[in-house]
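Heads up, the thing below is written out as structure tokens.
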Amino acid sequence: MTGKILVYITLFASLSSTIFYLIAANKGGVFQKIARLSYYALTASIVMVSMYLLSEILSHNFQYTYIWEYSSKELPHNLLTATFYAGQEGSFLLWGLLLTLIGYFLMPYVQKYDYENYVMGFYSLILVFITVILALKSPFEYVWESFPNIPVGHLPENGRGLNPILQNYWITIHPPILFAGYSAMSVPFAFAMAALAKRDYRNWMNVSMPWLLFATGILGFGIMLGGFWAYETLGWGGFWAWDPVENSSLIPWLIAVALVHTMLVSKKTGGLLKTNIFLAIFAFVAVLYATFLTRSGVLGDSSVHSFVSPGQTVYNLLLIMMLTFIVLSTVGLFMRLRDMPNPKSSFKMNSKEFGLSIGSVIILLIAFIVLLGTSWPILLPLLGMEKSVIEPQMYDQFNLPLAIVLLFLNSSILYFNWKRNDTNTLLKKTFPALIFGVFAAIVSSFLGINKAQDMLLVFAAFFSLFINFSFVAKTISKSPSLVGAYVAHVGIGLLILGALFSGAYEVKEQIRLEQGQEAKFLDYTIKFEDKEQIERHWQDREKYRYNFKITKGDESFYVHPIVYWSDFNKREAPFFEPGIHTYASKDLYFSPYSIETKYKHPPIVVSKNMKTNVTIDTNYSLQLLKFIMPGPESFSGSQIKFGSYVRISGKDFVIEDTLYTLIDQESGFNIPVWKTFAEAGFDVGFMQLDVDKENLGESKAVYAFRQIGGVMERPYEIFTLEASSKPLILLVWFGTILIALGFFFSIYKYVKSNNKIKLAMKKSEEEEILVANTSIDATE
Amino acid sequence: MNNRYLIGGVVILLFVAIAIYSFNDKKVGYSDIETASTSGETVQVSGIWLKEMQTEYNSIDNIFTFHIKDDNGTETKVIYEGAKPNNFELADKIVVKGKFQEGHFQASQILTKCPSKYEGKEEDVYKS
């Protein structure tokens, strides 16, 4: 009850905060105070909801369906904590919590800039929707509420536990960061709505810019962590598969990146006012769309990610939430369309603003391609056409030329001046970079780059890297706060290079190895040495670390793919983790495909009267004549002695005898009583009884063989894996980190310049832009 | 309206049109087994895995063979040149992409719909 009551308090507080903030926008005074109090109450209650859920998880209260479904007593603390958001209900709570906390810090910020009522009003409205979802799809539902036949008050002994694929440290890092990015993306939206309401079409950009940069930086980082998780642990082979889940988080990020650039144009030229408001709204709607795609079950058939249908309620709620915000913002935008100033801003072709705008258009085109491709399976049925999906290669095909142009722009533009330029000087300035790019492309052709478009991409990437590097070098000592953009651009260049080389120029090969065997891959010799069991203290799993020795010339090292059997799927099939060896220039990546267990002379499974060859010596055959039901004398302790009467036939003799197996009732293990057939020259063991409950006569027996007095043959394993070499994959991770860092550096720059804007707030608009101009950009 | 914007607009529209056209050209449609077996087109078919039928990964040739049944109840053998997907046995639904060839469905891709969340069932509450 406590949890549910707290959720309703949260819902009430968010409603109250929304309503009173929006009233306060006109009436001010006491309403604003009520609104603030409501927001504090909201913060307190959602923190309490979260603490409550967490404490119930930590104390294993499996009476709650949510906790029962995702956690178990065996999980270590960090993973147990992560089960907080392992399912739908909890991840909505996490989203709500992060939104609220960000809002808590947003409030004093917007107070300084006189933006509080509208921004916090619209911001709280988002929270209303999230808390409604939490109220209707509650993590605090009892098992007897979820399942009608469970008696009230039943406490399951243990939970179902967390999917083994999710059981690693990534689940503690990736989702919170991604949700922080999603949450932060709401701030520019709230600002844009406030701008429309206040008819202030310029100032909101300066004020919201640091938040936009924060949102973009953290969302980008979160997305890439997901990619790294897929690569490092899940063994998907790459970091990006153009899967709907990945795509849907990429779309808001791309829009936000475009917005960062169009806002910059706006500040400098006073133009693109409508564009910016539109993009801020669009980025947020894309976040909602991403949630809708991944949480509504709508993409059920098109993704390797699983989407369990969450039920009609969540589907409807998410759809209503998305549509509400689309309608609200569209109406707002149209109401103000005529009111918005339409500054004369015909950008000259060779001006910085023009280049930046084109760059933004290209980023938006990429976003459009991803959006269109991801929505394709939903879009067609809506248009009355047959459902179909897009091949992932389509994304590469479309984005490659766009990436080339983008890299060319994000560098050469830095030499452009605002307003107008002389083409000759530009050529002169970019000349060294051009040479460098051409040189790099030629070198790359010797390294195996063989397609014209790929060479163009290499050229563009090195061109961009050269210029952006030199700008980093130029500014870092003079004005370090300006370095962010260049660092991010360097990151993009490295990321694209890494993606090209590791994706299009990887070498892969399937390898099949028995224990002790060797195989060749490129110049490497791979030897399957042995395995060792790890995490032995766990009862619910059998996890093996395999030791593969890789040798090349004098150098040798080990990689350790992991094979993992879990109770989670009743140990029916193993889970795999790849083994990776990282060089500066490439990764060697070993992704397990299958593990087979074989015997040279396998045990046989027979039903009654069936005659089967003895595997250790096929001159003989074995026939099961009958089972001997255990009598009272067969029981000793926990063991039952169970017999089977068999006939062993050779060319010139037949022996019949009874073989026994000891079934331990406690452990369920069978221990064979080996019997020697001296004439035949081997021992036979009755290993196991496979009882057919429906037809006892169909029950089967398993027999194994060994040399007389010998040891039973141990099975050997055959490991099949995909070996691949992924050149320059390190650049992908390094590039991404630089991108995120670039955004964070830039926050500092805007916070600094905003302090000046605050001083200028009372001055006229023209003066204000002037201040911004002089304070922000020292590069020209 | 400036001429340049007009050109820009046309270029963007052209790009969008090309995107839609080629997406439509390269798309892979959904189908059922019966239609797919007669049309011979590359399609995407979803169904459930028939556990009791032959299911075998041949690691020497890297060929994975199994059988599925679609919503209409039609069954087919599926041959996939590649390893058995990681969570094949866990999947409650299998989506295969490919086309019919010599009486079986030759798959180029398998998507396994594995619930990363396994919906709990009532009997599990007692078991645990």
Side-chain angles (χ1 to χ4, degrees), chain A residues 62 65 68-70 72 86-88 143 146-150 154 156-160 163 165-166 235 300-308 346-347 349 358 361 365 368-369 372-373 376 380 386-391 393-394 397-398 510 512 568-569 572-573 575-576 593-594 596 718 720 722, chain B residues 2-5 8 11-12 15-16 18-20 22-31 42-46 51 57-62 64 82-93 95 97 108-128:
Chain A
F62 301 123
T65 311
W68 169 75
E69 276 204 80
Y70 295 105
S72 66
Q88 292 251 335
V143 279
S146 313
F147 307 105
N149 294 326
I150 303 289
H154 176 76
E157 249 175 58
N158 201 349
R160 292 167 52 77
N163 189 330
I165 331 182
L166 303 176
D301 283 347
S302 348
S303 160
V304 288
H305 274 79
S306 53
F307 303 110
V308 169
S346 70
F347 301 158
M349 279 274 239
I358 296 294
V361 168
L365 281 178
F368 169 79
I369 290 293
L372 186 69
W376 200 254
L380 290 188
E386 254 182 78
K387 198 174 167 185
S388 64
V389 286
I390 296 299
E391 296 277 1
Q393 303 89 287
M394 294 299 288
Q397 269 173 38
F398 271 95
Q510 191 205 348
R512 189 173 183 275
F568 194 76
N569 61 348
E572 277 172 351
F575 296 90
F576 297 122
Y593 267 9
S594 82
E596 295 157 89
I718 303 176
T720 311
E722 186 186 79
Chain B
N2 196 314
N3 261 350
R4 226 166 20 235
Y5 288 111
V11 169
I12 290 170
F15 180 86
V16 170
I18 293 172
I20 292 178
S22 51
F23 274 21
N24 204 35
D25 200 38
K26 288 276 177 62
K27 72 183 177 191
V28 179
Y30 288 78
S31 182
T42 299
V43 288
Q44 189 159 307
V45 174
S46 76
K51 284 185 183 151
Y57 172 60
N58 172 346
S59 61
I60 298 167
D61 304 321
N62 194 25
F64 178 46
K84 181 166 77 174
N86 215 331
N87 281 332
F88 189 79
E89 285 85 353
L90 287 175
D92 45 21
K93 209 169 173 194
V95 183
K97 208 185 269 181
S108 59
Q109 201 189 350
I110 306 179
L111 302 181
T112 44
K113 308 304 304 164
C114 298
S116 62
K117 140 179 184 159
Y118 295 84
E119 289 276 359
K121 292 191 202 75
E122 191 158 319
E123 63 258 31
D124 298 330
V125 178
Y126 288 115
K127 255 187 266 166
S128 49

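Chain A is the first sequence line, chain B the second, and so forth, proteins listed ahead of strands; every chain is numbered from 1.
- Proximity to chain A involves both the backbone and the side chain of V16(B), based on heavy atoms less than 4.5 angstrom apart.
- In this structure, G159(A) and S72(A) approach most closely via the heavy-atom pair O-CB, 3.7 Å.
- Proximity to chain A (any heavy atom under 4.5 Å) is shown, for S31(B), by neither the backbone nor the side chain.
- Per-residue heavy-atom pair counts under 4.5 Å with chain B were compared for Q510(A), E596(A), E391(A), E722(A), and the maximum is reached by Q510(A).
- Looking at Q397(A), the atoms closer than 4.5 Å to chain B (heavy atoms on both sides) all sit in the side chain, from C-beta outward.
- Contact between Y57(B) and S594(A) at its shortest, heavy atoms only, is CE2-OG, 3.1 Å.
- Among all heavy-atom pairs drawn from W68(A) and F62(A), the shortest one is CB-O, 3.5 Å.
- In plain terms, the two heavy atoms of F64(B) and A83(B) that are nearest each other are CB-C, 4.4 Å.
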